[in-house]
Protein chains: 2
Amino acid sequence: MKDLEVRQLRYFVAVAEELHFGRAAARLGMAQPPLSRAIRDLERELGVTLFERTTRQVRLTGAGEVLLRDARTALEAVTAAAHRTRQAGSTSPRLRIALKADIDGGLLPQILDAYHADPAALPPELVLGGFGEQAQALRDGLADVALVLCPWDGRGLDSEPLLTEPVLVAMAATDPLAARTHLSLADLAARSLPDGAPAAHGQSTPPRPRATRSASNLSEIFSLVETGSVVFFAPASVARRNPRPDVAYRPVSDLPHARLLVAWPQDARSPAVAAFVRAACAIAAARRAQEEAEAEAEADMPSSTT
Amino acid sequence: MKDLEVRQLRYFVAVAEELHFGRAAARLGMAQPPLSRAIRDLERELGVTLFERTTRQVRLTGAGEVLLRDARTALEAVTAAAHRTRQAGSTSPRLRIALKADIDGGLLPQILDAYHADPAALPPELVLGGFGEQAQALRDGLADVALVLCPWDGRGLDSEPLLTEPVLVAMAATDPLAARTHLSLADLAARSLPDGAPAAHGQSTPPRPRATRSASNLSEIFSLVETGSVVFFAPASVARRNPRPDVAYRPVSDLPHARLLVAWPQDARSPAVAAFVRAACAIAAARRAQEEAEAEAEADMPSSTT
DNA sequence: GGTCTTTCATACCCCCAGGGTATCGATGGC
DNA sequence: GCCATCGATACCCTGGGGGTATGAAAGACC
């Protein structure tokens, strides 16, 4: 009944992920025999067999799968405790905001302005990361609050919706498909996506079409798009802010809308986080109202075009 | 940057709770000097001072408070991993249902019937506990699913509402207040509550009036109520199922309704949990529909009384 | 103000748990 | 049937976590 140690959990997760004691030991920077022994001791302690092992194969048991899931979240919680404590004890505490560049729908500057006006505000610090890394940053205590796109893994996090906007496909203006005004995902199945982009909002990763080219920022992505080597899914706000002569944006009928959320750890108590969330919700509400008004004006004067 | 160990977190929590190295060491079953050293090492590792200490007083710093909160949740996650893994590896896996006796609104038998009909059902096992212990049991991996009353601490848990019902006060029929038909919390301020009951649904614990008598089950509580020594807040379903000649139930104007929820760990993937939640929601919906129908019938024939 | 008590920190020692090396043994491939 | 691969076992050794003895500072009490 002695409780588990972080070291044991780390070892277990390594073996469970590698399904190979030798490789797991290498990853952990240790020799294989002590790792085998550590796992055996762990199994004895829990009174449970975690792996079915032969000399040729290592397989997780059902109990092993349960432990893998729970061990990961426990390890997250431990590293988060360390990171958050260091941050809280730092001489210049900051509000660390995790987001992916260019996905803030153009809201971030206004949100930061509104946030600064709050007396509880700490100096903000942007933590940029790839798609889907924001939630992990929150869980690991590397960020205090995040802007994330749906779909996301919200375990342990709270969130408020900010914006919902349609997603367009960006393709070379010379692409034959650009001649059509409406497309479906099926039409695009043969096109490559830039690496690091969400495969397709919502559904389980469809087989990444072809070898995907890697690109980490919008300008790189757009140069790939312009050459016709890839297509790219861009929320309407991104499309609006990046008009390019050689890039055509087209609606895709069956692509779910992009939903931008503000998220934070469920047990966050920091007033700075609360201030940021309030600011983000207020600015997003204002933006929605403004867009609604514009849509109405558009309806009144259907001749006007942008 | 070496990561924290469970032992360090346990030590820290003990000191943070006792605010006294000697007592904390005693609680941990160890001597005081190694504990002091462990805390000092922890502070060095994090680069943060966690306690302001003089020889006469130990006080948590801000960073210490952050770590206290996060360390508790991390420790919960670790013990939950152990408990859930043991349970998953057991030869006779069960669905452990946490609840407080008598707060199921009379739904439990039907829920269990419906649950049994599900092919994913595991044999159920009831885990009884006091008020507010259900959420903790879920977080510690001692239960898989729970029936809880609002208000509750839902950090890390998901839930679905089942029932909302008014709360009545149960008092001795001879109590002078029993002569009135409507009461407010202020009227009851001078009455004692049985120990272990929720102080007052919703608000922060009001000063427990008088020395509260301890009682762990409904019959004990009712005998105390009948003698006039205490009053007791009972959801309507409990009152309906426990008519007693010497106990009067009266509505209280400013007492929030009791809300019964079914809750489970956010990352639960067990089909048995899903089956139980489905069963609970279905039965609760049926109950709500039935009560609505009864209310309508009542409205049609206002002369009928129960 | 001196002394005593309380309580956290320091100094020093010791033991074993966790890690390394060498080797065995089983299993599947050729 | 031999070999290569990979997990398990046996044994040793070192570092860190824990114990005891003691110091030092800060209230309490006369």
Side-chain angles (χ1 to χ4, degrees), chain A residues 1-61 63-64 67-68 71 74-75 78 82, chain B residues 1-61 63-64 67-68 71 74-75 78 82:
Chain A
M1 275 297 166
K2 233 191 67 188
D3 47 33
L4 303 182
E5 277 298 327
V6 167
R7 184 177 38 78
Q8 297 179 288
L9 296 180
R10 288 235 132 81
Y11 290 0
F12 169 76
V13 170
V15 176
E17 285 178 357
E18 300 285 347
L19 291 179
H20 189 289
F21 281 75
R23 278 195 298 275
R27 202 174 100 181
L28 293 165
M30 66 187 290
Q32 169 259 321
L35 178 58
S36 283
R37 200 182 48 178
I39 297 293
R40 175 173 53 76
D41 292 349
L42 176 60
E43 289 180 322
R44 282 215 211 300
E45 242 175 88
L46 292 172
V48 158
T49 77
L50 299 169
F51 297 103
E52 302 282 355
R53 31 208 195 279
T54 71
T55 60
R56 307 303 290 180
Q57 196 177 9
V58 175
R59 223 174 36 251
L60 265 181
T61 64
L67 183 57
L68 179 54
L75 290 175
V78 170
Chain B
M1 275 298 166
K2 234 190 67 189
D3 48 33
L4 302 182
E5 278 297 325
V6 168
R7 184 178 36 79
Q8 297 179 290
L9 297 180
R10 289 234 130 82
Y11 290 1
F12 169 76
V13 170
V15 175
E17 285 177 356
E18 300 284 347
L19 290 178
H20 189 288
F21 282 77
R23 278 195 298 275
R27 202 175 100 184
L28 294 166
M30 68 187 290
Q32 169 260 320
L35 178 57
S36 284
R37 200 183 46 178
I39 298 293
R40 174 172 54 76
D41 292 349
L42 176 60
E43 289 179 321
R44 282 215 213 298
E45 241 176 270
L46 292 172
V48 158
T49 76
L50 299 168
F51 296 102
E52 302 282 355
R53 28 209 197 278
T54 70
T55 60
R56 308 303 289 178
Q57 196 179 8
V58 175
R59 223 172 38 250
L60 266 181
T61 64
L67 183 57
L68 179 55
L75 291 175
V78 171

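Note that the coordinates shown come from a computational prediction; the quantities given were computed from them, not determined experimentally. Proteins get letters first, then strands, A, B, ... in listed order; numbering begins at 1 in each.
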Please report the interatomic distance [atom1]([X]) to [atom2]([Y]), rounded to the nearest 0.5 Å.
| X | Y | atom1 | atom2 | answer |
| --- | --- | --- | --- | --- |
| A/Gln32 | A/His20 | CD | NE2 | 9.0 Å |
| A/Glu52 | A/Leu19 | CD | CG | 12.0 Å |
| A/Thr61 | A/Glu43 | OG1 | CD | 7.5 Å |

Between A/Tyr11 and A/Pro33, name the one whose nearest nucleotide on DNA chain C is closer to the 5' end.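 This one resolves to A/Tyr11.
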
To the nearest 10°, let me know how far the axis at one end of the helix from C/dG1-D/dC30 to C/dC30-D/dG1 is tilted from the axis at the other, five pairs an end. 30°

So, do [X] and [Y] sit near enough that their side-chain heavy atoms are less than 4.5 Å apart?
| X | Y | value |
| --- | --- | --- |
| A/Val48 | A/Leu67 | no |
| B/Leu42 | B/Leu4 | yes |
| A/Ile39 | A/Arg53 | yes |
| B/Val15 | B/Leu50 | no |

Can you measure [X] atom [atom1] to [N] atom [atom2] for me and round it to whole angstrom units?
| X | N | atom1 | atom2 | result |
| --- | --- | --- | --- | --- |
| B/Gln32 | C/dA9 | CD | P | 7 Å |
| B/Glu5 | C/dA17 | CD | P | 15 Å |
| B/Arg59 | C/dC8 | CZ | P | 14 Å |
| A/Gln8 | C/dA17 | CD | C1' | 11 Å |

Contact list for DNA chain C against residues 34-57 of chain A - heavy-atom distance below 4.0 Å: A/Pro34, A/Arg37, A/Thr55, A/Arg56

Just to be sure I understand the geometry, which residues of residues 19-28 of chain B put a non-hydrogen atom under 4.0 Å away from DNA chain C?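 Those residues whose heavy atoms fall under 4.0 Å from DNA chain C, taken from residues 19-28 of chain B in numerical order, are B/His20, B/Phe21, B/Gly22.
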
Is the ring pair A/Phe51/A/Phe21 parallel, tilted or perpendicular, if the boundaries are 30 and 60 degrees?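 It falls in the perpendicular class, over 60°.
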
Residue pair [X] / [Y]: nearest heavy atoms and the distance that separates them:
| X | Y | value |
| --- | --- | --- |
| B/Ala38 | B/Tyr11 | CB-CD2, 3.7 Å |
| A/Val6 | B/Glu5 | N-OE1, 3.5 Å |
| B/Thr49 | B/Ala63 | O-CB, 4.3 Å |

